[in-house]
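Take a look at the structure set out below.
Computed from a prediction, not measured in an experiment: that's the story for all the values here. Letters A, B, ... mirror the listed sequences (proteins, then strands); counts begin at 1.
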Amino acid sequence: MARAVTTNRKILNTAIAWGVGLVIFFPILWTILTSFKTEAQAISDPPVFLFFDWTLENYAVVQERSDYMRFLWNSVILAGVSTVLGLIIAVPAAWSMAFVPSKRTKDILLWMLSTKMLPAVGVLYPIYLLFIQLGLLDSRLGLIIVLMLINLPIIVWMLYTYFKEIPGEILEASRMDGAGLKDEILYVLTPMAVPGIASTLLLNFILAWNEAFWTLNLTAAKAAPLTAFIASYSSPEGLFFAKLSAASTMAIAPILILGWFSQKQLVRGLTFGAVK
Amino acid sequence: MAANARPIRLLRNLNAKIAAVPMILTALVVFVGGSMWTVIYSFTGSKLLPKKLLKWDELFAIPVPEWIAKDGALNFDIPVGIVSRSFVGLDQYERLWASNRWIISIENLAIYGACSLVLSFVIGFVLAALLDQKIRFENTFRTIILYPFALSFIVTGLVWQWILNPEFGIQSIVRGMGFVGFTFDPLYNQDIVIYGILIAGLWQGTGLIMCLMLAGLRGIDEDIWKAARVDGIPMWKTYLFIVIPMMRPVFITTLVIIASGIVRVYDLVVAQTSGGPGISSEVPAKYVYDYMFQNQNLGQGFAASTMMLLAVAVVIIPWAYLEFGGRKRG
């Protein structure tokens with residue numbers, strides 16, 4: 001809870017905050033607006049803001065050049081399946097860390113988190129070779145595994161903080177009543193942690209959705225998600241800014257919409273779960 | 001009673017261990033295995049991507065033990081271009097540190113890292129303190145400020161590449177308003193290009209940092225503010241000496257997130273400048289990548305990535321000791 005403040009201060013603060021918000025949102029807004037301009041208007045000097053001839057031509061061109069739906073579908077599959085798979089592995093792990101902590105629990109958590117700070121490029125080549133060996137290059141399965149692995153530390157960490165909030169006595173009681181390990185996790189712990197799990201799911205979906213390094217390096221055409229779609233427009237012909245904006249808008253639209261409708265879980269997933 | 005308690009505790013621990021096994025296994029195999037591989041091959045003169053594939057026994061001149069060969073466990077091909085096994089000692093490292101491009105990469109990463117760390121903290125905290133005073137439409141505001149974080153670095157890079165373009169970005173708008181002499185073209189100026197990338201990075205990451213800090217501030221008891229006010233302590237002093245020390249756990253979380261953002265600057269550079277103009281915005285990850293996949297000089301790439309791993313280890317290990325080793329908590 002914050003301190004009480006006077007009405008004037010409140011209005012001033014609101015104004016400042018919204019000024020900042022506008023500045024932050026402006027690049028996104030500009031991209032969306034530009035996607036509806038013609039190429040000539042997109043680079044006109046001085047720039048036109050709202051009063052231009054709105055056109056959908058860029059979207060048509062982008063769609064014609066590359067099949068948006070295929071990329072979108074790949075993104076959905078990759079982000080969705082890798083997140084769910086990560087949860088399946090992480091829930092038991094987080095359970096054991098939260099309720100049966102040992103001397104090393106903190107160390108393991110820290111070590112896991114520290115892997116998030118390691119440069120991904122350090123393991124790119126070994127994984128690349130592995131992928132050649134196993135025939136996983138440019139396959140959804142391979143990417144799902146990699147995305148799941150790189151987000152696993154965050155999933156475990158977030159779940160751990162949520163589980164810590166749940167009183168251990170409840171689990172103990174269920175154990176007394178004869179619940180086995182599986183029942184305990186599946187029917188007692190998971191239902192209680194649903195809000196936390198939802199936030200974790202959402203955040204990791206976004207992280208997996210945005211992962212560019214691995215998706216760009218391990219895919220070619222078949223399994224490429226939206227990050228590859230947008231990257232393909234950035235190359236030398238990057239001067240077609242209206243089309244680039246249209247492609248960007250198409251790439252970010254799903255996540256913006258998802259974010260808008262799940263504001264509460266998103267913010268909580270990002271804050272509450274990570275703070276404790 | 002005591003005899004009864006023991007096996008139960010053992011069983012509990014056993015369960016816990018079983019539950020944690022999948023996670024530990026995956027982490028071990030991928031991160032430790034991958035890193036070891038990288039370190040070992042940094043000492044070789046490996047040049048090419050795997051060209052030739054050999055079977056296990058051809059490669060090591062050791063017959064596969066019969067009990068393994070039976071289920072065909074080792075009967076897969078091993079890429080040999082990389083396993084040229086010509087150990088060259090520290091040659092790759094000497095070449096690395098003699099390379100101008102590597103030095104520039106390191107400098108860029110240092111500048112980006114330091115600025116991003118300090119600025120994210122300061123901006124994030126100031127915004128959070130502002131927001132903590134209860135503004136209107138707070139939830140909507142938070143969502144908007146989090147939006148950049150929901151965009152990938154690729155999109156971020158492209159958007160900012162364009163906003164910072166002198167011909168139709170900020171520079172042209174300000175000039176259009178009458179300030180003809182105004183110059184702001186960070187992406188086209190060798191000396192400040194890294195700051196252009198920094199702006200985009202901050203834009204992308206600060207919203208999240210702010211939200212974390214806000215949650216931390218909200219977690220602080222109102223009574224502490226009251227007590228400070230009663231004692232007549234000025235607000236800035238309350239923040240500096242009471243609130244900030246109390247937010248230590250939040251700061252640690254924030255640090256982890258900022259650090260993982262710094263490591264990922266590669267994406268941003270690729271999307272915004274591809275290392276240009278010239279080589280002025282190169283970063284270490286890109287050096288590694290280019291040597292491995294474009295110049296096909298694996299040894300050099302591995303040497304560079306080993307240096308990166310080493311650098312991270314140098315930062316993390318002492319910090320980990322301070323944080324977790326020094327005093328044993330829970």
Minimal non-hydrogen separation, L256(A) against Y147(B), with atom names: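 In terms of heavy atoms, the two residues are closest at O-OH, 2.8 Å.
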
Determine the minimum heavy-atom distance between V159(B) and P27(A), stating which atoms define it. CG1-CB, 3.7 Å

Residue among V20(A), I16(A), T34(A), I24(A) with most heavy-atom pairs under 4.5 Å to chain B: I24(A)

Checking heavy atoms, do the side chain of Y266(B), its backbone, both or neither come under 4.5 Å from chain A? side chain

Check whether I262(B) gets within reach of chain A through its side chain, its backbone, both or neither, counting any heavy atom under 4.5 Å. neither

Under a 4.5 Å heavy-atom cut-off, does chain B meet the side chain of L22(A), its backbone, both or neither?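 Answer is neither: L22(A) stays 4.5 Å or more from chain B.
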
Between L216(A) and chain B, with a heavy-atom cut-off of 4.5 Å, which part of the residue counts as in contact: side chain, backbone, both or neither?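 The side chain, not the backbone.
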
Sorted by chain and residue number, the side-chain contact (heavy atoms from CB on, under 4.5 Å) partners of A98(A) (sequence neighbours excluded) come out as Y160(A), F163(A), K164(A)

Residues forming a side-chain contact (heavy atoms from CB on, under 4.5 Å) with I144(B), sequence neighbours excluded: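 I144(B) satisfies side-chain contact (heavy atoms from CB on, under 4.5 Å) with W18(A), F25(A) only.
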
Please walk me through it: do W209(A) and L151(B) pass side chain to side chain contact (heavy atoms under 4.5 Å, CB included)? CA-CA 9 Å; W209(A) 184 280; L151(B) 306 191; over 6 Å; no

